[in-house]
Protein chains: 2
Amino acid sequence: MNKLKQKISEKTIERLSIYRRYLKDLQKNGKDRVYSHELAQLVSGTAAQVRRDLMQVGSNGCSSKGYEVSMLIDEIAKLLDCSEKQNIALIGVGNLGRALLGYFSGSRENYDIVALFDNAPDKCGRVICGKRCYSMNQLTEIVKEQKISTAILAVPAEAAEETAQNLIDAGIKAILNFAPRHITTRSRVFIETLDMTKALEKAIYFSRKNT
Amino acid sequence: MNKLKQKISEKTIERLSIYRRYLKDLQKNGKDRVYSHELAQLVSGTAAQVRRDLMQVGSNGCSSKGYEVSMLIDEIAKLLDCSEKQNIALIGVGNLGRALLGYFSGSRENYDIVALFDNAPDKCGRVICGKRCYSMNQLTEIVKEQKISTAILAVPAEAAEETAQNLIDAGIKAILNFAPRHITTRSRVFIETLDMTKALEKAIYFSRKNT
DNA sequence: TTCACGCTGTGTAATATTTCACAATTAAAG
DNA sequence: CTTTAATTGTGAAATATTACACAGCGTGAA
């Protein structure tokens with residue numbers, strides 16, 4: 001029934017994350033069923049697209065009653081989440097880094113920032129927002145010790161590439177990069193860049209085109 | 001020569017922004033020519049793709065010498081930038097908002113954050129990082145007064161949709177949304193959502209899939 | 001000049017992603 | 001039970017995006 005291991009596209013993974021967040025809201029509000037066209041609005045997509053996405057998680061929609069919210073959440077979790085909680089490192093504890101620390105701290109079930117890294121002497125050694133800050137030369141050690149799989153990179157642009165390489169060398173498997181640099185690597189590490197400058201310039205461009 | 005007004009895709013606009021940032025670096029370093037395959041590395045793309053992108057800005061590449069850096073920068077600016085500097089509003093002056101304010105302040109030539117908005121009484125009325133913070137009910141007034149075209153939305157998820165609607169009503173033409181909510185609207189306003197939670201969950205997912 | 005090389009510009013092919021459209025299924029009403 | 005209305009799952013079409021491949025041109029060397 002479940003066609004095992006057809007690779008799921010990045011776009012679908014992104015949408016699944018969005019669906020799940022909304023489904024959890026629905027659950028909180030006591031709604032226990034949902035239709036594909038309701039989810040479609042969330043991503044400015046079509047109902048058919050939603051159904052295709054959900055098929056890939058082994059969907060269990062019911063004709064004319066839609067999908068069961070709690071089951072969908074479970075199915076998506078089975079796909080997106082690892083069985084054990086994922087440990088995340090935050091690299092760079094400047095203004096942006098601290099904001100991200102606050103943003104990602106709290107009620108996350110399946111991942112958590114467990115270590116900070118920064119070379120500034122006034123930061124490393126300290127505990128910031130409840131997390132210990134280490135210097136970069138402890139990276140490999142801590143990554144191993146805490147089984148950290150993923151890093152959030154919030155260092156200045158000039159330091160991004162070198163730092164990313166250090167992360168890769170330390171055994172990190174994925175990087176969420178906030179520095180305005182697209183990082184290239186020949187390794188199999190997954191790098192997702194959230195380029196805020198690019199996004200703002202794009203928004204400014206289309207502010208004039210969408211009359 | 002320049003085939004007027006074939007619509008340029010969002011993806012191309014994003015890449016152009018990235019090319020330009022790199023080109024400015026090259027210029028600073030005294031390099032005055034660049035090949036399409038050099039730019040291709042930046043976006044993990046192919047040389048052909050870069051050449052297609054550059055064609056759309058009216059490219060002027062020269063066989064066997066590549067593109068002239070300063071001319072490319074000018075051509076891209078002619079496409080991406082407006083003639084006058086764009087005024088930006090930042091909505092939500094929490095931790096993330098302040099970090100974004102720092103991030104986007106400084107040496108930007110073609111846009112600038114000129115006004116902050118937040119309803120917290122300890123913030124509105126004050127000047128933060130050199131920018132005045134207003135309360136949300138002054139929005140329409142200030143947007144008109146300062147000719148603000150674009151807003152950066154950094155409010156909590158619960159407030160995102162309502163605030164976005166207020167922005168649209170006030171005449172904003174584009175929104176860069178940092179709240180973890182996908183905002184739907186029937187208006188022609190351009191909305192770009194930078195969904196950090198989605199991005200992190202995606203990174204975590206692929207940290208396990210990329211062997 | 002002539003040749004060889006390397007790069008651009010672009011038609012065409014290939015791939016990825018989304019949408020359409022409809023048979024099958026379920027629920028509910030009569 | 002039969003009919004009606006609504007929704008799912010999915011093949012096939014449509015669209016969007018990327019990559020290939022090569023003609024043509026400029027450059028530099030002989």
**OP:** Give a yes-or-no answer on whether the side chains of A:T184 and B:Q41 include a donor-acceptor pair shorter than 3.5 Å.
**Re:** no

Output yes when a side-chain donor or acceptor of [X] lies under 3.5 Å from a complementary backbone atom of [Y], and no otherwise.
{"X": "B:N87", "Y": "B:Q146", "value": "yes"}
{"X": "B:K202", "Y": "A:E10", "value": "no"}
{"X": "A:R21", "Y": "B:P180", "value": "yes"}

Original post:
Any ion pair linking B:D25 and A:R181 (charged N to carboxylate O, less than 4.0 Å)?
Top reply: yes

Original post:
When you check the gap from the basic side-chain N to the acidic O, do A:K78 and A:E75 get nearer than 4.0 Å?
Top reply: yes

**OP:** Indicate whether OP1 or OP2 belonging to C:dG9 is found under 4.0 Å from a side-chain N or O atom of B:Y67.
**Re:** yes

Subject >> Phosphate contact (C:dG9 OP1 or OP2) by B:S59 side-chain N/O below 4.0 Å >> reply: yes

Tell me the interatomic distance from [X], atom [atom1], to [N], atom [atom2], rounded to whole angstroms.
{"X": "A:E68", "N": "C:dA27", "atom1": "CD", "atom2": "P", "value": "13 Å"}
{"X": "A:L54", "N": "D:dG9", "atom1": "CG", "atom2": "P", "value": "8 Å"}
{"X": "B:K11", "N": "D:dA19", "atom1": "NZ", "atom2": "P", "value": "11 Å"}
{"X": "A:M55", "N": "C:dA24", "atom1": "CE", "atom2": "C1'", "value": "14 Å"}
{"X": "A:D53", "N": "C:dT17", "atom1": "CG", "atom2": "P", "value": "11 Å"}
{"X": "A:Q56", "N": "D:dG9", "atom1": "CD", "atom2": "P", "value": "13 Å"}
{"X": "B:I13", "N": "D:dT17", "atom1": "CD1", "atom2": "P", "value": "12 Å"}
{"X": "A:L16", "N": "C:dT17", "atom1": "CG", "atom2": "P", "value": "14 Å"}

**OP:** With the side chain of B:Q49 defined as its heavy atoms from C-beta on, choose the nearest nucleotide among C:dT8, D:dG9, D:dA19.
**Re:** D:dA19

Subject >> Nearest-nucleotide comparison on DNA chain C, the residue closer to the 5′ end among B:Y35 and A:G45 >> reply: B:Y35

**OP:** Give B:R15 one of three labels, base, sugar-phosphate or nothing, depending on what nucleic acid heavy atoms sit under 4.0 Å from its own.
**Re:** sugar-phosphate

Original post:
Can you tell me how far CD1 of B:I152 sits from CG of B:L96, rounded to the nearest 0.5 angstrom?
Top reply: 10.0 Å

Original post:
When every nucleotide of nucleotides 20-30 of chain D is labelled 5' to 3' by its protein contacts under 4.0 Å (heavy atoms), B for base, S for sugar-phosphate only, - for none, what sequence of letters results?
Top reply: BB--BBBS---

Original post:
Start at the 5' end of DNA chain D and walk down; is the nucleotide closest to B:E10 or to A:H37 reached first?
Top reply: A:H37

